[in-house]
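Below is one structure, written out as structure tokens; the observations come after it.
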Amino acid sequence: MAIRKKSSKNPPVLSHEFVLQNHADIVSCVAMVFLLGLMFEITAKVSIIFVTLQYNVTLPATEQATESAFLYYYGIKDLATVFFYMLVAIIIHAIIQEYVLDKINRRMHFSKTKHSKFNESGQLSAFYLFSCIWGTFILVSENYISDPTILWRAYPHNLMTFQMKFFYISQLAYWFHAFPELYFQKTKKEDIPRQLVYIGLYLFHIAGAYLLNLNHLGLVLLVLHYFVEFLFHISRLFYFSDEKYQKGFSLWAVLFVLGRLLTLILSVLTVGFGLARAENQKLDFSTGNFNVLAVRIAVLASICITQAFMMWKFINFQLRRWREHSAFQAPAVKKKPPVTKGRSSRKGTGHQLFLRTFSLTENGVNGTVTSNGADSPRNRKEKSS
């Protein structure tokens, strides 16, 4: 009876592109379920909670506003909308990865470390650019630039325009989608804690501005921060293509410090002065008024601690980079060879000093002294004899 030998071949390993595409297909099917649910009357009431923005209010026309305005406020149903657009963010992430970044990676032949950093910078630069353009459009359309007092005037800002609310829903959806992307992108275990802190800080501040009705201040600070981060990641993309490119990092370093200063100035001006002088300073959950001393201190403390943490990371990064650059350019210093001591006569003292000086200037290398045969004790003994 013949015994079959077990196959020694290893099982097939699924590639990263196949795993990413497989998960993107599953997420696409789930998103299509919600969209198809809008077509049927039975499921439309449930699907509309996930797809469209909730809690809309229609303000009638007045003497100042000739047309009726459609505004929104937040509620618990926003979690369903955030979940749906989180699925959309995963699909867009996979499309950018497959049709843009993977093709560039195949041409450039990056190492594993550069491959992961290139993917990270490629995804974030696209998101930061889109968010900066969108946020700037909202700032211009709602006259934030011409009238900075709108940051604290008429607080609480519990009613938002469609663009404002959709912007915050999209921001929360994007940063929530970063959690499953840690698995989809096969992130290294040592990089996961850094990514979790990075994502958590974004969600904490965006959700805080959204829930405390500080959406005006949050929008300005996000656009400012995203512009600086976009410059960093786009500079890193150029650096991967050409390692001689360093100008973008120098400009980013200057704008990073200025961005932190502007963030602190706007936060103190809005929360510390604008809201502190407001007439209505009573905690009222029904109207969304959180303008009390404890909340203001907590908001300023969280912003200041975050900015200090970012500056501390930035300074450490610049010091480490400066040390590596200085160590790379510093010449290698050779050790001085050991010099044997011997008894020297008074007559040979002047001649020995002349020979050592001559060897230092003519035969010395990097400040080291080379020995000469005429200075050895054996030759001096032979001469004395």
Side-chain angles (χ1 to χ4, degrees), residues 79 82-83 85-86 89-90 93 97 112-132 135 167-212 214 217-237 239 249 252-253 255-264 266-267 297-321:
L79 294 176
V82 169
F83 175 76
Y85 286 100
M86 181 189 71
I90 293 175
H93 187 111
Q97 184 67 42
K112 291 183 178 179
T113 304
K114 285 187 176 181
H115 180 83
S116 60
K117 291 183 178 180
F118 181 84
N119 291 337
E120 179 185 3
S121 294
Q123 295 286 350
L124 289 175
S125 60
F127 169 72
Y128 289 145
L129 178 61
F130 177 75
S131 298
C132 279
F167 178 83
Y168 273 94
I169 292 293
S170 301
Q171 295 298 313
L172 293 172
Y174 181 86
W175 291 111
F176 271 116
H177 111 281
F179 289 114
E181 285 296 338
L182 295 177
Y183 171 73
F184 296 156
Q185 296 292 332
K186 304 296 181 182
T187 306
K188 296 180 181 180
K189 292 183 178 180
E190 56 269 18
D191 293 337
I192 290 179
R194 178 182 65 87
Q195 293 286 346
L196 292 178
V197 173
Y198 189 73
I199 298 167
L201 286 175
Y202 274 108
L203 287 174
F204 174 76
H205 288 87
I206 295 173
Y210 186 66
L211 296 176
L212 295 177
L214 293 171
L217 175 63
L219 176 63
V220 175
L221 297 183
L222 277 178
V223 172
L224 178 63
H225 176 74
Y226 282 170
F227 176 74
V228 178
E229 290 298 304
F230 166 74
L231 183 61
F232 170 76
H233 287 285
I234 200 67
S235 300
R236 192 158 74 164
L237 291 177
Y239 174 77
F249 291 111
W252 164 77
L255 292 180
F256 183 88
V257 178
L258 293 178
R260 307 285 72 78
L261 292 176
L262 285 176
T263 299
L264 292 175
L266 290 174
S267 301
I297 292 175
V299 170
L300 286 177
S302 63
I303 294 175
C304 293
I305 291 173
T306 304
Q307 301 307 308
F309 172 74
M310 294 175 65
M311 281 299 301
W312 177 70
K313 299 286 288 184
F314 172 77
I315 292 172
N316 287 336
F317 170 76
Q318 293 296 332
L319 288 176
R320 184 172 66 252
R321 185 183 175 190

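- Closest non-hydrogen pair, V223 versus C132, comes out as O-SG, 3.8 Å.
- The minimum heavy-atom distance between A207 and L172, with the atom names listed, is N-CD2, 4.0 Å.
- For the ring pair (Phe, Tyr, Trp, His ring centres under 6.0 Å) with F256, the lone residue among F249, F230, F314 that qualifies is F314.
- A centroid separation of less than 6.0 Å is found between the aromatic rings of Y226 and F127.
- Across L217 and L266, no two heavy atoms sit closer than the pair CD1-O, 4.1 Å.
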### Derivation of the side chain to side chain contact (heavy atoms under 4.5 Å, CB included) call for Y174 and S131
CA-CA 11 Å; Y174 181 86; S131 298; over 6 Å; no
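- Judged as a salt bridge (charged side-chain N to carboxylate O under 4.0 Å, His left out), and not counting sequence neighbours, R260 has no contacts.
- One finds the CZ atom of R194 at 11.0 Å from the NZ atom of K188 (value rounded to the nearest 0.5 Å).
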### Message
Checking F227 against L255 for the side chain to side chain contact (heavy atoms under 4.5 Å, CB included) test, could you report, in this order, the C-alpha distance in whole Å, the side-chain angles of both residues, the deciding distance, and whether it holds?
### Response
CA-CA 9 Å; F227 176 74; L255 292 180; 4.1 Å; yes
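- When the side-chain contact (heavy atoms from CB on, under 4.5 Å) test is applied to F118, the partners found at least two apart in sequence or on another chain are L101, I104, N105, F110, L237, F240.
- A heavy-atom distance below 4.5 Å is found between the side chains of L219 and Y168.
- Rounding to the nearest 0.5 Å places CD1 of I199 at 4.5 Å from CG of L182.
- For Q318, there are no side-chain hydrogen bond (donor to acceptor under 3.5 Å, both in side chains) partners, not counting sequence neighbours.
- Atom-to-atom distance recorded for K117:NZ and K114:NZ is 9.5 Å, nearest 0.5 angstrom.
- Looking at Q123, its side chain does come within 3.5 Å of a backbone N or O of H93 through a donor-acceptor pair.
- Cation-pi check for K186 over F184 is not met; the charged atom does not lie both under 6.0 angstrom from the ring centroid and within 45 degrees of its normal.
- Taking every heavy atom of both residues into account, A89 and A173 meet most closely at CB-O, 4.5 Å.
- With rounding to the nearest 0.5 angstrom, the CD1 atom of I206 is 11.5 Å from the CD1 atom of I169.
- Sparse packing is recorded around CZ of F204, with 12 or fewer heavy atoms of other residues, nucleotides or ligands lying under 6.0 Å away.
- Proximity of a side-chain donor or acceptor of H205 to a complementary backbone N or O of L201 within less than 3.5 Å is detected.
- Of the possible donor and acceptor atoms, one in the side chain of S125 sits under 3.5 Å from a partner among the backbone N and O of G122.
- Ring centroids of Y202 and Y198 are separated by less than 6.0 Å, placing the two rings close together.
- Here the CD1 atom belonging to I234 is positioned 11.5 Å from the CG atom belonging to L124, to the nearest 0.5 angstrom.
- Residues Q185 and E120 have side chains not in contact (no heavy-atom distance under 4.5 Å, counting atoms from C-beta outward).
- Residues F232 and Y128 form no side-chain contact, since every pair of their non-hydrogen atoms from C-beta on lies 4.5 Å or further apart.
- From H177, atom NE2 reaches atom OH of Y85 across 16.0 Å, with rounding to the nearest 0.5 Å.
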